[in-house]
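Excluded from the calculations below are hydrogen atoms, water molecules and symmetry mates; all remaining heavy atoms, backbone and side chain alike, are included. First the proteins, then the strands, lettered A, B, ... as listed; each starts at 1.
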Number of protein chains: 2
Amino acid sequence: MISSIAELISDRIGTMPAGERRAAQTLIANYPLTGLKTVAEFSTAAGVSSPTILRFVARLGFQNYPEFQSALQDELAAQLQSPASRTLNSASPANGGAVSPMLEATLDNMRETFRHLTDKQLADIAARLAERRGKTFLIGGRFTDPLARYMAAHLAIIQPDVYHLAGQESIWRDRLIDMGKRDVLVIFDIRRYQESLLRFAEKAHQRGVQIVLFTDQWLSPIARFARHVIAGRTAVPSAWDSSAALFVVAETLIGAVTRQLEAAGAKRIRDLESLR
Amino acid sequence: MISSIAELISDRIGTMPAGERRAAQTLIANYPLTGLKTVAEFSTAAGVSSPTILRFVARLGFQNYPEFQSALQDELAAQLQSPASRTLNSASPANGGAVSPMLEATLDNMRETFRHLTDKQLADIAARLAERRGKTFLIGGRFTDPLARYMAAHLAIIQPDVYHLAGQESIWRDRLIDMGKRDVLVIFDIRRYQESLLRFAEKAHQRGVQIVLFTDQWLSPIARFARHVIAGRTAVPSAWDSSAALFVVAETLIGAVTRQLEAAGAKRIRDLESLR
DNA sequence: CAAATTACGTAACATAAGATACAGCGCTCC
DNA sequence: GGAGCGCTGTATCTTATGTTACGTAATTTG
């Protein structure tokens, strides 16, 4: 199978006449830039005439020159976006302002967070979230509740019985009555840890609920009751702590759970689509 | 000293009229590809007319469009040739499981997102959010609303009149009555873009509300009405798109706004503390 | 609130780009 | 060594691209 135009060229370059071969070589030499220029520029660069260039692209299977250019651009777009081949000037002094420290710290937080997180841990948690024996509840603190919402919004699509606990304490406390051993409670709690969440977690724990805790590196007191603890780095040069690392862990988990439920989930998503 | 065209643009984007700013944002969003296409394609991508594109490149100091394209191509050539700094930590063999690809992609997304985002842009947006002339409203789509909540939760602490628009469409539509020129509306909208948000944004725009848009690299149609556009990378090896990059941008902005309001904000935070 | 200025888009224009027809040259094969 | 075939370039044509002029709308300023 031939994907890129460069491959296509090197595949057929053997069967080409001399002039077209020169065109091909010129293009490959500084791929794909020459192909983005005009036919005239291409032709002089290759030392051949314009019609030769046109015959060359025609031989590659393109109807006309613009079509050929579009293909090159699409390919370039894919390259520029995908991390793989990018040249990425992280050393660019360009943005050396106030942005970099924040970004750098965040990136470091993520690396650190994942360094202390094994595949097995994540797989276990994902498995627990994916096994459909009971219900899944999610809740967060003052600043982390949006993370709970974000996760709930995704999980609720691929499986039933996913509930985000919102509103006043009294409201979700009453939901305890519905929780049991087979259920999972996902809690987000970072400094400063919230009393109300601790109380709630304790009671849920007493009822045998499996608790998955997202917290910071200093560990919320809830860790005491949690079956799984994810400790994310939160330090950034800002007045606030960063929840970005936890956010990425959440996304990773969402992805893992989705993969596990692929068969069942795919059908469910189709069903949901048809409901619209 | 200004080397790249991207820098040149972000340097002058503040002094540009609305239409040209849209052109600039569109170009930056997936730099430099849009600039390599024809004027007509560029203009439709940006949602403006061809002459606006030409005025845009003229303002950047180019004599004509081909000259501008040549400059972009030269820049691209330099980038493609230097096999530079890539693969920072891709050599970390530690966790070679299912985690790495997700994390790596996310890290790349962030670098890429910030690469297309200058300090000046962020500073401008932060300044707009910090100037206390009017109210600040935040709203998001199905999966991004938690980001709006997250940002609102922080901003609401350091300044008054910050509102997160939640619940049904009819509810926040009625809030339009309260919005005017001095107000700011922060919208989060990534694929698949939501009709309801577009309608809401258009009406808000008509009322003169300043819109700050967080979207993905393909730009929500709301970009048309936005004063500021932040285009985050969202592609990850998962069934879902990632909002992590936008999340980090949001955190960065929160930090910047906080810094600007330091004097006023610090007092406010003390007052809040004493209320507990 | 009014006037002046600036910005934007529509439409017509000129130019440069890609496409094509045809003739000359070189190469191969008989 | 000659005839046929194929490749290449010159010159011409057509298309569509970039450019410009002008009228209208929006925005700013007094």
Check the distance between dA19(C)'s P and E67(A)'s CD and give it to me in whole angstrom. 10 Å

Rounded to whole Å, CZ of R59(A) lies from C1' of dG6(D) at a distance of 11 Å

Once you round it to whole Å, what is the distance between P of dT20(D) and CZ of R55(B)? 12 Å

Test your reading of the model: is there a side-chain donor-acceptor pair from D145(A) to the backbone of R142(A), 3.5 Å cut-off? no

Between the side chain of R207(B) and the main-chain N/O of E202(B), is any donor-acceptor distance below 3.5 Å? no

Which whole-number value in Å describes the distance from E20(B) CD to dA7(C) P? 7 Å

For T52(A) and dG9(D), is the shortest distance between a side-chain N/O and OP1 or OP2 below 4.0 Å? yes

Upstream residue (5' side of DNA chain D) when A40(B) and V48(A) are each assigned their closest nucleotide: V48(A)

Write down the distance between CZ (F56(A)) and C1' (dG18(C)), rounded to a whole number of angstrom. 16 Å

Among the nucleotides dT19(D), dT8(D), dT10(C), whichever has the atom closest to the side chain of S49(B) is dT10(C)

Side-chain donor-acceptor pair present, S70(B), E67(B), cut-off under 3.5 Å: no

Which whole-number value in Å describes the distance from F62(A) CZ to dA19(C) P? 13 Å

Check the orientation of F42(B) and F68(B). Use parallel for under 30°, tilted for 30 to 60°, and perpendicular for over 60°. parallel

Starting the side chain at C-beta, find the nucleotide from dA21(C), dA7(C), dT10(C) nearest to P51(A). dA21(C)

Round to the nearest Å and state the distance from Y65(B) atom OH to dA16(C) atom C1'. 15 Å

Would you check if V212(B) and V184(B) make a side-chain contact, meaning some heavy-atom pair closer than 4.5 Å? yes

Among dT17(D), dA11(D), dT8(D), which nucleotide sits nearest the side chain of T38(B)? dT17(D)

Between P on dG9(D) and CZ on F42(A), what's the gap in Å once rounded to a whole number? 13 Å

Starting from the 5' end of DNA chain C, give me the residue, P66(B) or R22(B), whose nearest nucleotide shows up first. R22(B)

Please determine, for the side chain of L54(B), which listed nucleotide (dG18(D), dG18(C), dA19(C)) has the closest atom? dG18(D)

